[in-house]
Undergrad: 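Structure incoming, see below.
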Amino acid sequence: MNFLTNIIVNAIIFVALSGFWPNSFHVSSIWVALGGAAVVLAILNVLVKPIIKFFSFPITIVTLGLFSLVINGLMLEITSWIVGSQFWFSSFWVAIGIAILMSIIDVIVNEFFSHQHSD
């Protein structure tokens, strides 16, 4: 997926998941998800995440890759901190859970788009 498509898909995922857990994960509107959270997350994933992954490589190897879930949760927490009160998680564990669900949904969407281009 390209950068813009990824932002749109993440915004839709944010709004959908916040509807399932309104007391644990809050997004005030689609515009906050699209113009704020999804853009901030995309920028963090391009600029900050590679640095964190580099320095956490040893612990990621020791945990057989499971530490990458913590990194994804951390990226969501930083996004929440930057966006502010219109986008928040009730706990770090909720952020990790949302990160897991986002990863699963992202794999499904990427698989769908890759099949669309190959036909």
Undergrad: Applying side-chain contact (heavy atoms from CB on, under 4.5 Å) to D106 and N6, what does each step give before you reach the verdict?
TA: CA-CA 9 Å; D106 193 49; N6 194 30; 4.0 Å; yes

Undergrad: Mind checking the CD1-CD spacing from I98 to E77? Nearest 0.5 Å is all I need.
TA: 11.0 Å

Undergrad: Are W21 and V27 connected in the hydrophobic side-chain network, where two residues link if heavy atoms are under 4.5 Å apart?
TA: yes

Undergrad: Which residues, ordered by chain and number, are linked to F55 in its hydrophobic cluster, where ILVMFWY side chains connect at heavy-atom gaps below 4.5 Å, directly or through other members?
TA: I51, F54

Undergrad: If you count heavy atoms of other groups shown closer than 6.0 angstrom to CZ of F92, is the number above 12?
TA: yes

Undergrad: Nearest heavy-atom pair of A38 and N10: which atoms, and what distance?
TA: CB-CB, 4.2 Å

Undergrad: List, by chain and then residue number, the residues other than L64 in its hydrophobic cluster (Ile/Leu/Val/Met/Phe/Trp/Tyr, side-chain heavy atoms under 4.5 Å); write none if there are no others.
TA: none

Undergrad: I43, V46: one ILVMFWY side-chain cluster at the under-4.5 Å cut-off?
TA: yes

Undergrad: Nearest 0.5 angstrom please: K49 NZ to S56 OG, how far?
TA: 10.0 Å

Undergrad: Would I100 and S103 count as a side-chain contact (heavy atoms from CB on, under 4.5 Å) if you check the C-alpha gap in whole Å, the side-chain angles of each, and the deciding distance to 0.1 Å?
TA: CA-CA 5 Å; I100 292 169; S103 297; 5.8 Å; no

Undergrad: Please tell me whether V70 and I104 are part of a single hydrophobic cluster in this structure, the criterion being side-chain heavy atoms less than 4.5 Å apart.
TA: yes

Undergrad: Taking M75's backbone N and O only, do any of them form a donor-acceptor pair with T79's side chain (distance below 3.5 Å, no angle check)?
TA: yes

Undergrad: Linking I/L/V/M/F/W/Y whenever their side-chain heavy atoms sit closer than 4.5 Å, directly or via other members, would I59 and I61 fall into one cluster?
TA: no

Undergrad: Is there a side-chain contact between M102 and N72 (heavy atoms, below 4.5 Å)?
TA: no

Undergrad: What's the separation between atom NE2 in H26 and atom OG in S85, rounded to the nearest 0.5 Å?
TA: 7.5 Å

Undergrad: If I compare all heavy atoms of G73 with all of A95, which pair ends up nearest, and what's the gap?
TA: O-CB, 3.8 Å

Undergrad: Only pairs at least two apart or in different chains count here, so list each ring-ring contact (aromatic ring centres under 6.0 Å, His included) that has a residue in residues 65-87.
TA: F14-F87, F25-F87, F87-F89

Undergrad: Contact between K53 and I71 at the side-chain level, heavy atoms closer than 4.5 Å - yes or no?
TA: yes

Undergrad: For residues F3 and I7, determine if any side-chain heavy atom of one lies less than 4.5 Å from a side-chain heavy atom of the other.
TA: yes

Undergrad: Shared ILVMFWY cluster between L41 and I105, side chains joined below 4.5 angstrom?
TA: yes

Undergrad: Give the minimum heavy-atom separation between V15 and A33, together with the two atoms involved.
TA: CG2-CB, 3.7 Å

Undergrad: Say you draw a straight line from OG of S18 to CH2 of W88; how long is it, rounded to the nearest 0.5 Å?
TA: 10.0 Å

